[in-house]
Amino acid sequence: MNTEPAPAEIGETPTSYDVSAVETKWLPVWEELDPFRADDASPKERKYALTMFPYPSGDLHMGHAEVFALHDVIARYWRFRGFEVLNPMGWDSFGLPAENAAIRNDEHPATYTYANIETQAASMKKYGLAFDWSRRLHTSDPEYYRWTQWLFLKFREQGLAYRKNSPVNWCPQDQTVLANEQVLADGTCERCGAEVTKRELTQWYFRTTAYAQELYACLDELQDTWIGKVVNAQRNWVGRSEGAHVRFRIEGREEPVTVYTTRPDTLYGATFMVVAADAPLAAELAELGGPERVEALSAYVEEIRKASDIDRLATDRTKTGIDLGVTATNPVSGEQVPVWAADYVLADYGTGAIMAVPAHDQRDLDFARKFDLPVRRVVDTGEPNPEETYEATTGNGTYVSSGPLDGLTDKTQGISTIIERLEADGTGEGTVNFRLRDWLLSRQRYWGAPIPIIHCPVDGEVPVPEDQLPVELPELRGADLKPKGTSPLGAATEWVEVACPTCGGPARRDSDTMDTFVDSSWYFLRFLSPHDHTQAFSSEQAAAWGPVDLYIGGDEHAVLHLLYARFFTKVLRDSGLLTWDEPFSAYLSQGKVINNGRKMSKSLGNGVDLGKQLDEFGVDAVRLTLVFASPPEDNIDWADMSPAGSLKFLQRAWRLSGDVASAPGVDVSTGERSLRSVIHRTVRDAEELVESHRFNVLIARTMELVNATRKAIDGVGTGGCGPEDPAVREAVETVAILLSMVTPYVAEEMWERLGHRPTVAHAAWPIVDPELLVEDSVTAVVQIQGKVKARLEVSPAITAADLESLALADDTVVAAIAGRPVRKVIVREPKLVNVVV
RNA sequence: GCCCCGGUAGUCCAACGGCAGAGACAAUGGUCUCAAACACCAUCCAGUGUGGGUUCGAAUCCCACCCGGGGUACCA
């Protein structure tokens with residue numbers, strides 16, 4: 001600690017406080033008083049404040065420090081404003097790092113996990129956060145994952161959890177499958193960075209697609225209370241599009257092939273059809289084409305399987321594909337078109353088959369060019385003809401060569417005309433399509449919640465009976481956990497081999513564990529009744545507390561965690577367990593803490609250690625710096641920040657508390673008006689600023705109040721009222737209360753020096769006196785042509801007419817008008833007059 | 001490519017369509033000191049990315065473009 005306490009000379013007021021002494025002094029007092037425990041029986045109006053619970057890897061870092069500091073402002077503020085606040089904390093404690101550490105150190109993952117949890121818990125306590133610690137939970141506790149498993153079984157009963165065989169993302173490094181959401185845009189694993197490959201495996205899925213429409217539609221309600229970019233990201237991820245299914249009859253095949261298109265109006269321009277090469281449909285059609293087509297297809301599929309996702313994802317890659325040797329019939333024109341298989345058509349989007357309209361889709365045009373297929377323009381947009389330029393046109397235009405559409409110029413009308421025709425003929429219909437896929441939840445790893453299913457050769461998939469939950473993890477450690485391509489649980493013979501609950505015969509447990517995102521999809525519900533051994537969560541408490549009033553977290557979870565939690569909420573609502581539609585009424589994401597323009601990382605060597613910052617400047621100064629730095633959602637570059645400056649300010653604020661010369665409880669209403677006016681304006685602004693999450697401005701306003709108070713104390717003779725004035729006490733108490741939301745230690749210390757008993761968290765929020773917000777006089781500006789020419793001191797109650805005549809009589813105004821005729825006068829009393837000449 | 005968000009003093013950031021500055025960092029000068037650090041006092045600093053438009057009046061609203069950040073990407 002570099003803040004030396006001032007030498008305590010007898011009779012002299014110290015000029016600074018000892019940061020570390022204050023921290024050790026108040027921490028036990030708060031533990032004792034426990035002011036933030038939420039009362040389920042409270043008659044008060046409730047608020048549920050939630051911040052994303054951490055994964056226990058090592059100690060807390062700067063990112064945690066920021067989000068917790070921001071979150072704490074809201075939680076403490078609501079409490080001050082008379083709400084009963086639920087503000088819980090726990091750990092998302094299943095996950096790979098613990099498992100990898102266990103392999104490295106030949107130990108059990110729980111050892112690493114729970115040691116880190118204790119480290120983080122101690123740091124959080126020292127960090128002075130307003131959590132209700134009685135509700136602490138860890139998702140890796142059997143008492144928690146028992147209910148994760150129970151929820152899985154409920155979902156399965158409703159057909160929302162199922163198993164299917166499908167090509168899945170496989171991370172060769174972590175030796176496990178990944179959800180689509182866990183594969184980055186460049187085709188690498190979001191966790192370890194390895195290049196993701198594909199494998200054909202039977203895996204468990206949650207049917208998120210069943211809720212695609214609602215997950216999309218409800219975003220409208222969240223538009224104003226969720227941070228915009230997250231709503232946007234969710235919208236993109238769910239990916240709703242409107243279009244049509246169109247059925248093409250295939251020569252020699254009974255079933256027609258259905259394609260999905262968003263441009264049915266270009267149907268007359270379809271010159272070939274393409275099916276996803278890796279879909280079963282392609283194989284079927286190849287058989288129609290003959291043995292050499294089958295062979296060609298399988299060679300082609302082999303080739304594309306070998307290509308990495310990175311290559312696949314390169315958009316400028318040349319198109320590849322093969323002719324399947326079959327023809328399809330265009331349902332409106334009767335035209336015969338060839339059918340191709342290619343990898344630019346995705347098996348799991350739409351129907352896995354498209355009608356190719358090269359003139360009006362660049363991908364199709366590239367393909368047509370490569371394989372010398374015909375291009376036919378059917379919309380004349382006025383741009384050069386794509387048949388010649390090889391630049392597809394996608395805009396509005398006049399339909400040509402399009403039968404009944406010819407001459408039409410409106411795309412919307414063109415689309416609806418074709419859809420009507422298709423529907424009348426029974427060859428297609430309008431439809432809505434989503435990009436969202438089902439959520440792959442199986443993981444071939446150990447440290448997660450086991451999937452509570454038993455596979456019996458006689459009875460098939462049998463759920464573990466509820467009274468046998470939880471299915472606890474067997475004790476495995478070290479080398480037992482090494483990735484081998486199958487789950488480590490599969491090798492735990494004694495654990496895997498069980499009697500079938502239905503027939504009693506030999507059977508095997510499902511040896512996969514659930515994606516840890518399952519654990520975090522419902523933790524906000526478990527906080528409502530964390531010690532209840534009879535149910536996952538209390539629906540009654542959920543109705544009373546929920547939904548979460550404000551959720552704060554990082555935007556790395558903008559699609560994953562938030563989407564999954566929303567999905568869980570909707571399923572549980574439809575199961576009758578919840579009454580609300582969305583889990584988080586408002587969502588705020590904090591920016592990252594970076595250093596010197598770069599993300600902090602070991603390889604760059606620019607990490608900032610939170611512990612060191614706390615040791616050097618103290619908890620309060622670090623919290624203040626993070627809150628003051630910028631609006632919450634902006635990144636903070638630590639290199640631009642000055643925790644030393646923050647500490648300087650806190651010392652100045654603290655010093656005020658030693659200068660107050662009136663007694664506690666003095667009648668502040670007799671205090672000096674101008675200072676009181678600043679106090680009450682500050683409080684009014686503070687309310688608005690906290691509610692609109694402009695915490696950085698809140699700090700600025702508090703600094704302003706500190707400055708004004710200092711002047712009032714010292715400035716006797718120059719307008720200051722001196723330390724005895726009751727307004728000074730009111731000001732300093734207000735500073736302590738405002739600061740307690742951000743810097744609880746120094747605020748508590750000030751509160752004590754002001755002669756109050758702890759804790760400042762119990763202080764009454766100042767009531768704003770509207771009388772004190774009225775100003776004695778205001779400065780009105782007079783503009784000529786919008787440029788300021790003069791200022792007038794006027795009464796705030798002045799009438800428009802009076803202000804106008806006052807302004808027009810002003811010498812500088814008269815001079816500025818210079819005799820020109822006044823054409824118009826705009827008056828916004830009492831602040832502004834604009835003269836137009 | 002498409003979709004979001006942003007661009008204001010050297011830096012971080014404020015500013016209901018109405019005086020561009022609330023607050024801070026840095027810098028400079030001073031007080032204090034044997035000297036320095038700390039502390040305190042004072043000073044300095046931009047016309048709001050560019051170009052149009054709307055308006056009596058634009059940092060703020062609209063359009064186009066440039067730059068930065070993020071999301072997404074053969075999604076038919």
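Not measured: the values here are computed from a predicted model. A note on names: the letters A, B, ... follow the listed sequences, proteins ahead of strands, and every chain is numbered from 1.
- Atom CG of A:L219 and atom P of B:C3 are 18 Å apart (whole Å).
- Considering only side-chain N and O atoms, A:S642 lies nowhere under 4.0 angstrom from the phosphate OP1 or OP2 of B:C12.
- For A:N707, counting side-chain heavy atoms from C-beta on, the closest listed nucleotide (B:A22, B:G23, B:C74) is B:G23.
- Heavy atoms of A:R694 sit under 4.0 angstrom from primed sugar atoms or phosphate atoms, though from no base atom.
- Closest contact between the side chain of A:N834 and the listed nucleotides B:A76, B:A15, B:G57 involves B:G57.
- In RNA chain B, runs of at least 3 stacked Watson-Crick or G-U pairs (N1-N3 plus N6-O4 or O6-N4, or N1-O2 plus O6-N3, all under 3.5 Å) give these stems: B:1-7 with B:66-72, B:10-12 with B:23-25, B:27-31 with B:39-43, B:49-53 with B:61-65.
- Salt-bridge formation is not detected for the pair A:R701/A:E688: no Lys NZ or Arg NE/NH1/NH2 atom is positioned less than 4.0 Å from an Asp or Glu carboxylate oxygen.
- Residue A:S646 is out of contact with every strand shown, counting any heavy-atom pair closer than 4.0 Å.
- If you measure from atom CD of A:Q223 to atom P of B:C4, you get 10 Å, rounded to the nearest angstrom.
- Neither OP1 nor OP2 of B:C5 sits under 4.0 Å from any side-chain N or O of A:N232.
- The side chain of A:K229 places no N or O atom within less than 4.0 Å of a non-bridging phosphate oxygen (OP1 or OP2) of B:C5.
- Nearest to the side chain of A:K319, among B:C74, B:A76, B:G18, sits B:C74.
- Closest to the side chain of A:I826, out of B:G18, B:C74, B:C12, is B:G18.
- Within 4.0 Å of A:Q783, counting heavy atoms only, lies at least one base atom of the nucleic acid.
- Closest to the A:S241 side chain, of the nucleotides B:A76, B:A73, B:A24, is B:A76.
- Out of B:A76, B:A73, B:U11, the shortest distance to the side chain of A:D640 is found at B:U11.
- Residues A:G239 and A:I699 each lie close to RNA chain B; by heavy-atom proximity, the contact nearer the 5' end of the strand is made by A:I699.
- Residue A:K831 is out of contact with every strand shown, counting any heavy-atom pair closer than 4.0 Å.
- An anti orientation is assigned to B:G68, its glycosidic angle lying beyond 90° of 0.
- The distance from atom CG of A:L832 to atom C1' of B:G18 is 5 Å, rounded to the nearest whole Å.
- Contacts of A:K648 with the nucleic acid, taken as non-hydrogen atoms under 4.0 Å apart, involve only primed sugar atoms and P, OP1 or OP2.
- The pair A:D220-A:R235 meets the salt-bridge criterion, with a side-chain N (NZ, NE, NH1 or NH2) lying under 4.0 Å from an Asp/Glu carboxylate O.
- Figure legend: cation-pi geometry between A:K319 and A:Y344, with NZ or CZ positioned under 6.0 Å from the six-membered ring centre and within 45° of its axis.
- Nucleotides of RNA chain B nearest to A:D361 and A:I636 differ in position, and the one nearer the 5' end is that of A:I636.
- Heavy atoms of A:F628 sit under 4.0 angstrom from at least one base atom.
- Going from atom CD of A:Q590 over to atom C1' of B:G69 covers 16 Å, rounded to whole Å.
- Note: A:F272 and A:F371 fail the aromatic proximity criterion, with ring centroids not under 6.0 Å apart.
- Side chains of A:T351 and A:T258: a donor-acceptor N/O pair is absent below 3.5 angstrom, by distance only.
- Of the candidates B:A76, B:G23, B:C40, B:A76 carries the atom nearest the A:T261 side chain, counting heavy atoms from C-beta on.
- Side-chain N/O atoms of A:Y344 include none lying less than 4.0 angstrom from OP1 or OP2 on B:A76.
- A close approach under 4.0 Å does not occur between any side-chain nitrogen or oxygen of A:R235 and OP1 or OP2 of B:G71.
- At B:U72, none of the side-chain N or O atoms of A:R435 fall inside 4.0 Å of OP1 or OP2 (strictly under the cut-off).
- Between B:C56, B:A22, B:A14, one nucleotide has an atom nearer to the side chain of A:P631 than all others, and that is B:A14.
- Heavy atoms of A:M641 sit under 4.0 angstrom from primed sugar atoms or phosphate atoms, though from no base atom.
- Looking at heavy-atom distances under 4.0 Å, A:V788 makes contact with sugar-phosphate atoms alone, never a base.
- When only modelled atom types and interatomic distance are considered, A:Y390 and A:D366 share no side-chain donor-acceptor pair under 3.5 Å.
- Which of B:A76, B:A22, B:C56 sits closest to the side chain of A:T262 comes down to B:A76.
- Remark: aromatic rings of A:W654 and A:Y17 are close, center separation under 6.0 Å.
- A:Y260 and A:Y349 have perpendicular rings, their planes meeting at more than 60° on a 0 to 90° scale where under 30° would count as parallel.
- When distances run from any side-chain atom of A:R655 to the nucleotides B:G71, B:A39, B:A24, the shortest one goes to B:A39.
- Using a cutoff of 4.0 Å between basic side-chain nitrogens and carboxylate oxygens, A:D714 and A:R710 are scored as salt-bridged.
- Between A:T381 and A:N396, the shortest heavy-atom distance links the atoms CG2-O, 3.4 Å.
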